[in-house]
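Every number for a ligand or one of its atoms is a count from 1 in the order of the listing. Because only heavy atoms are used, hydrogens play no part in the values below, and waters and symmetry mates are left out as well, while side chains stay in.
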Amino acid sequence: MTDPRPSRTPVAILISGDGSNMVALVEASRAADCPYEVVLVLSNTPDAGGLAKAAALGVPTLAIDHRPHGKDREAHERLVDAALRDARADYVALAGYMRILTPWLVEGWAGRMLNIHPSLLPKYPGLHTHQRALDAGDAEAGCTVHLVTTGVDEGPILGQARVPVLPGDTAETLAARVKAQEHQLYPAALADLVRRGA
Ligand code: GRF
């Protein structure tokens, strides 16, 4: 069946795991006024749960295992980059993609690669963000969508969502509250970026 909507901007999503943000991005793309469509979901781990979810949503999937390339990150990235370009992606959304990227890949997609991070950046780049927020006694936590630059979890902020830290919170309960916001924030921030770039 022909899509009656005007042509939309092709986006690829990189995942390593469960892919709940990927699912949120794909589901949001089905709205009539969404300016992007997801043309590829690519994982560096062949057994990522998100791959089956993407396939069930009718999105093309690909796994490019990083392990055969050992420490040669760029060799793996060259295959990833070729797949992104084959898919004709204009933007790349990182959604739980657990690889540190080389400047080669980042610079090749400058301004067109974005990431979601589960903290209110610049607070808590890196891992264990929720535990760190609890340990610091923060009254609020949240998530950030940002453009990807060569520094890890740096780059211009495109949007943030905040949640309260509640008495008795654990890293798990806080993570779940933040993640519900991630699923709202990421599609909205991606759509805004695509509209501005159109
Ligand atoms: C999310 O918390 C995201 O902020 C971080 O990695 C996690 C991915 O979760 N970058 P999911 O695979 O989208 O469920």
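Legend: residues meeting salt bridge (charged side-chain N to carboxylate O under 4.0 Å, His left out) with D90, ordered by chain and number and at least two apart, are absent. In this structure R88 satisfies the salt bridge (charged side-chain N to carboxylate O under 4.0 Å, His left out) test with no other residue, sequence neighbours excluded.
In this structure, a donor-acceptor pair under 3.5 Å is absent between the side chains of Y186 and N115.
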Checklist entry - Please walk me through it: do H146 and L114 pass side-chain contact (heavy atoms from CB on, under 4.5 Å)? => result CA-CA 6 Å; H146 64 96; L114 59 171; over 6 Å; no
Please output the side-chain donor-acceptor pairs of residues 92-104 that fall under 3.5 Å, not counting sequence neighbours, one pair per line with the distance.
unit_1, atom_1, unit_2, atom_2, d
T102, OG1, E77, OE1, 2.4
T102, OG1, W104, N, 3.3
T102, OG1, L105, N, 3.4

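Protein residues with any heavy atom under 4.0 Å from ligand 1: D18, G19, S20, N21, G96, I116, H117, P118, K179, E182.
Classification of the H76-H69 ring pair by plane angle, with boundaries at 30° and 60°, yields tilted.
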